[in-house]
Amino acid sequence: MISASSVKSGSLAERSSRMRERIVATIRKIPKGRVSTYGAIARAAGYPSAARQVVGALRRSVGLPWQRVLGAGGEIKLRGDSAIEQRLRLEAEGVTFRGRKVNLARHEFHFSPGNKRGKGRASKG
DNA sequence: TAATTGACGGGCA
DNA sequence: GTGCCCGCCAATT
């Protein structure tokens, strides 16, 4: 519980970091042995098209199960040694791969529904 | 203030 | 399977 006295009525920092906090909180929900994708995390956090902000949250935050976050289709999007480490970590948790991708059908984590804000997609096509 | 960056996503050729 | 383009949006330069 926050009191009005402890918060400067929605200070700048509070407003601007809200998105990242939601994303971070969402990432932290992913249990061991399960994985999710940038897009799915963004949607679960309430931002249907903020996949890039998921990237930012992972890069700028520490202590997150980053290895459980994959690109669309379960593909590892990291480069170099980081990609190797991610795969190793996931395999250590029991996650299986199908070629260069994680077997999402077996390991994708489904966030609790109802937290979405509206889904919509950009006028793409 | 503007431009660039970033572990993205999806459609198309 | 691969390369290209556009959309998305906070953080950084």
Side-chain angles (χ1 to χ4, degrees):
Chain A
M1 351 333 222
I2 40 183
S3 326
S5 55
S6 65
V7 174
K8 245 39 146 14
S9 51
S11 57
L12 240 34
E14 192 272 322
R15 183 159 42 45
S16 61
S17 65
R18 207 170 46 198
M19 173 185 262
R20 208 174 72 191
E21 284 190 30
R22 293 225 175 254
I23 290 172
V24 167
T26 301
I27 293 170
R28 293 178 75 88
K29 290 181 188 177
I30 305 173
K32 178 182 175 184
R34 302 256 143 176
V35 301
S36 192
T37 67
Y38 300 95
I41 289 167
R43 283 190 292 276
Y47 304 89
S49 60
R52 295 186 123 157
Q53 277 52 255
V54 176
V55 172
L58 281 168
R59 283 179 60 77
R60 291 171 242 279
S61 300
V62 185
L64 299 176
W66 58 269
Q67 71 271 32
R68 298 176 194 149
V69 184
L70 304 161
E75 188 172 12
I76 289 182
K77 306 292 284 194
L78 278 120
R79 284 127 25 203
D81 291 348
S82 297
I84 307 299
E85 184 175 344
Q86 182 169 27
R87 178 163 181 151
L88 255 30
R89 283 172 175 262
L90 290 175
E91 288 181 329
E93 294 186 356
V95 175
T96 59
F97 281 72
R98 228 219 142 182
R100 29 194 308 117
K101 300 194 209 166
V102 164
N103 194 339
L104 284 185
R106 294 170 58 79
H107 305 291
E108 183 173 27
F109 175 64
H110 301 287
F111 295 97
S112 303
N115 281 341
K116 304 187 174 179
R117 262 185 177 181
K119 63 172 140 228
R121 20 170 87 214
S123 48
K124 194 122 39 64

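Letters A, B, ... are given to chains in the order of the sequence lines, protein chains preceding strands, and every chain is numbered from 1. Heavy-atom basis, side chains included; hydrogens, waters and symmetry copies ignored.
One interatomic measurement links the two molecules: CZ of A/R20 to P of C/dA10, which rounds to 12 Å at whole-angstrom precision. Taking atom CD of A/E21 as the reference point, atom P of C/dA11 lies 11 Å away to the nearest angstrom. A straight line from CG of A/L58 to C1' of B/dC8 spans 11 Å, rounded to a whole angstrom. As a whole-Å value, the separation of A/R79 CZ from B/dT5 P is 13 Å. One interatomic measurement links the two molecules: OH of A/Y47 to C1' of B/dC8, which rounds to 17 Å at whole-angstrom precision. Distance A/R43 CZ to B/dG10 P: 7 Å, rounded to the nearest Å. Between A/I23 atom CD1 and C/dA10 atom C1' there is a gap of 9 Å when expressed in whole angstrom units.
Using a 4.0 Å heavy-atom cutoff across all strands shown, A/A50 reaches no nucleic acid atom at all. Looking at heavy-atom distances under 4.0 Å, A/G56 makes no contact with the nucleic acid at all.
Comparing C/dT12, B/dC8, C/dC9 against the side chain of A/K77 picks out B/dC8 as the nearest.
For A/R52 against C/dG7, a side-chain-to-base donor-acceptor contact under 3.5 Å is present.
A salt bridge does not link A/E108 to A/R34: none of the charged nitrogens lies less than 4.0 Å from a carboxylate oxygen. With respect to A/E91 and A/R87, a salt bridge is recorded, a charged nitrogen being found less than 4.0 Å from a carboxylate O.
Near DNA chain B, meaning a heavy atom under 4.0 Å from it, residues 93-109 of chain A has no residue at all.
Judged as a side-chain contact (heavy atoms from CB on, under 4.5 Å), and not counting sequence neighbours, the contacts of A/A42 are A/A50, A/V54.
Both A/G73 and A/V69 lie close to DNA chain B; mapped to their nearest nucleotides by heavy-atom distance, the more 5′-ward contact belongs to A/V69.
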